[in-house]
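Since the structure comes first, as structure tokens, the remarks are kept for the end.
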Amino acid sequence: MLPSQEASKIYNDTYMRNSRAIGVLWAIFTICLAIINVVVFNQPYWIGDSASTPRAGHFGLFHYCVGIGNSERELSCQGSFSEFGSIPSRAFKTASVFVLMSMVLVLGCIGCFALFFFCNTAAVYKTCAWMQLLCAVCLVIGCMVFPNGWDSEVIRDMCGDDTGRYALGSCSVRWAYILAIIGVLDALILSFLAFVLGNRQSDLLQEEPKAHNKDVAVSRIEIRDSREPGFGVQRFQRFQ
């Protein structure tokens, strides 16, 4: 084996080991992103009451619970995505659709993992990268549109008269909203990493034929020089 071939093989083997390790971590965090999306979509804890709110309760994208009378323990819960008309605000409906799209995209990305066994690795990485980028965009839109519905009557009854669009009044942001923002950052980072892995795989595939052709050309020259010693000397003197 020629020295350049040996060096190229060592480099490729080292890169493949590292890329597999990074790819496994990328896949694990993609699954975590999917879990975040499912939790954020279903849990009614985007906003909630505080110590100074007139009534107890908490709201999600489409499901919400509000205290009955002045009771802090008895909550009346309603709202379902299957009953789209029961969602109390048009902004909540829009946010629900975009977060649902985000969840479908990341679940579809996980489904694409099976393509690693059948398709080009670089193409799969790039496909998943675009899906994760769109997932982040949908989550951003959902997080930005959701506060536009805070002026609905149901929320004003719970959070007070100071509540309005992008103003929560006496209520506070709950953990599901914060988790959605974390999901946006996670999706952006995973998308960037998938683009890097995909592009590096493409570069590696392009470098292998070039290295092979170069080594073949060098080997032919060495064989010719070994068969015709005078040719090598003449070629050396010509360049002096």
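The figures that follow rest on heavy atoms only: side chains count, while hydrogens, waters and symmetry mates do not. One is the number of the first residue; the rest follow in order along the sequence.
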With side chains defined as the heavy atoms from C-beta onward, is the minimum distance between [X] and [Y] less than 4.5 Å?
X    : Y    : answer
Y64  : M158 : no
V106 : M131 : no
F92  : I155 : yes

Show me the donor-acceptor pairs, under 3.5 Å and distance only, between side chains in residues 33-44 and residues at least two apart or in other chains.
from	atom 1	to	atom 2	distance (Å)
N37	OD1	S102	OG	2.6
N37	ND2	L33	O	2.9
N42	ND2	V38	O	2.8

Can [Y] be reached from [X] by stepping across I, L, V, M, F, W or Y side chains whose heavy atoms are under 4.5 Å apart?
X    : Y    : value
L134 : F98  : no
L179 : F29  : yes
L25  : I110 : no

Can any side-chain N or O of [X] pair as donor or acceptor with the backbone N or O of [Y] at less than 3.5 Å?
X    : Y    : value
R156 : D161 : yes
Y166 : M144 : yes
T53  : S170 : no

For F113 and W26, I'd like to know if the aromatic rings sit close, meaning centre-to-centre distance below 6.0 Å. yes
Between [atom1] on residue [X] and [atom2] on residue [Y], distance to nearest 0.5 Å:
X    : Y    : atom1 : atom2 : answer
S80  : F84  : OG    : CZ    : 11.0 Å
Y177 : I47  : OH    : CD1   : 9.5 Å
M101 : S96  : CE    : OG    : 13.0 Å
T163 : E153 : OG1   : CD    : 12.5 Å
H63  : E83  : NE2   : CD    : 11.0 Å

Under 2.5 Å between the SG atoms of C159 and C171: is that the case? yes
Please report whether the SG atoms of C65 and C77 are separated by less than 2.5 angstrom. yes
[X] to [Y] - nearest heavy-atom pair and separation:
X    : Y    : result
D49  : R174 : OD1-NH2, 2.7 Å
A180 : W46  : CB-CH2, 4.0 Å
D151 : N148 : OD1-O, 3.4 Å
S152 : S89  : CB-CB, 4.3 Å
C135 : L105 : N-CD1, 3.7 Å

Check the side chains of Q78 and S86 for a donor-acceptor pair under 3.5 angstrom, ignoring hydrogens and angles. no
Sequence neighbours excluded and cut-off under 3.5 Å, please list the side-chain donor-acceptor pairs for residues 181-197, or say none.
from	atom 1	to	atom 2	distance (Å)
S191	OG	A129	O	2.9

Determine whether V99 and F146 satisfy the following criterion, side-chain contact (heavy atoms from CB on, under 4.5 Å), listing intermediate values before the conclusion. CA-CA 10 Å; V99 176; F146 181 75; over 6 Å; no
